[in-house]
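Reviewing the structure listed below.
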Amino acid sequence: MTTEPNRNPGPTSDDDQRRRAALVASLPSADDDTPLMAALRVDAGRRITLSGRVFPKPPHTRVMTVANQKGGVGKTTTTVNMAAALAKSGLNVLVIDNDPQGNASTALGVEHRAGTPSVYDVLVDGAPMAGTVAPAAGVPNLWCVPATIDLSGAEIELVSMVARETRLRNALHAYLQQRVDNGEPRIDYVLVDCPPSLGLLTVNAFVVADEVMIPIQCEYYALEGLSQLLKSVELIQAHLNPGLHVSTILLTMFDGRTNLAQQVAHEVREHFPAQTLKTTIPRSVRVSEAPSYGQTVLTYDPSSSGALAYLEAASELAERGASASTQEEGE
Ligand code: ADP
Ligand code: MG
């Protein structure tokens, strides 16, 4: 935990944005016949537009659960890379690893051997969250509540407990309040990584959050199971957390060369035009290599197309978040 002053100097100035836009406009144009050139141009544009930029702070702490009942669709990858991209862009970010596999803790370079203070202690023993928060390796302003293997038993241990669905929410609210009381910088984003099932761990993650972010893998069965997920969100809304809503959908592992990926993307955008981010995350070896070095792709290879795509997606998320309160009022 830190008591250092908040270094976020505020959103990037108009002048700076104009200078970056002029640079992007001066890049040579590429046509569809040269896909490699086109891809390089996109990356160059993103590098100019986004590197070193400061994203706007949301009006209040945004708590987002990254969920999808399917495994291997990019939940953990999206959680840690969006979190790192937001933190690199001047925001204070907390990741809660709520999956017993502990993959988010691994990717953030955070200790998570059995017995390490973790989300298990928070959920099952009612331990204060502050004692479990650890700084992520190599990214300032980014923290993680790790998951250890102990969490695999929590699903069963929680069943008989009082307030079993709201334990994570109560702990997070107390932690956020404690930071304010101690004069520490406000957390701007909390991202919760979920296991691929709808048990009490995921229910806790839905109850702690205001928003759900769904990563969708651009492959054949992508949409299968999505209606199940949306039903689960509705159930939680009706009984436990009326404010919960799906705010964000991110298309991941996108390979624009295949018709299938294009079709899936088209279909998702048709059903969820407001929620789906414009940015898609390409399938990229660098993204999948990073966790084995205990890193996100944002630190492992910041100029790779995967890192730049996550930076762009995070920028969209932050820009939408900055104006979300006015949008919601207008709905
Ligand atoms: P989940 O948390 O939904 O189970 P993961 O984030 O662990 O999914 O991703 C599943 C696998 O796919 C991992 O091996 C991960 O490294 C890989 N992966 C995720 N996103 C990408 C990507 N954009 N490009 C290449 N591999 C990816
Ligand atoms: Mg995962």
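When a ligand or atom number is given, it counts from 1 through the structure's own listing order. Model, not experiment: these values are computed from the prediction. Counting from 1, the numbers follow the sequence of the chain as shown. Just the heavy atoms: all of them, side chains too, but no hydrogens, waters or symmetry mates, feed the values below.
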Any salt bridge between [X] and [Y], counting N to O under 4.0 Å?
{"X": "Arg269", "Y": "Glu267", "result": "no"}
{"X": "Glu316", "Y": "Arg46", "result": "no"}
{"X": "Asp15", "Y": "Arg19", "result": "no"}

Please state whether [X] comes within less than 4.0 angstrom of ligand 1, counting heavy atoms only.
{"X": "Ala309", "value": "no"}
{"X": "Asn103", "value": "no"}
{"X": "Gly71", "value": "yes"}
{"X": "Ser284", "value": "yes"}

What do we get for [X] next to ligand 1 when only non-hydrogen atoms under 4.0 Å count, side chain, backbone, both or neither?
{"X": "Ile281", "result": "side chain"}
{"X": "Thr77", "result": "both"}
{"X": "Pro291", "result": "neither"}

Non-hydrogen protein atom less than 4.0 angstrom from atom 13 (C) of ligand 1: no
Test item: side-chain donor near acceptor, His112 and Ser118, under 3.5 Å: no
Tyr310 versus Thr296, side-chain donor and acceptor atoms under 3.5 Å: no
Backbone of Asp210 reached by a side-chain donor or acceptor of His245 within 3.5 Å: yes
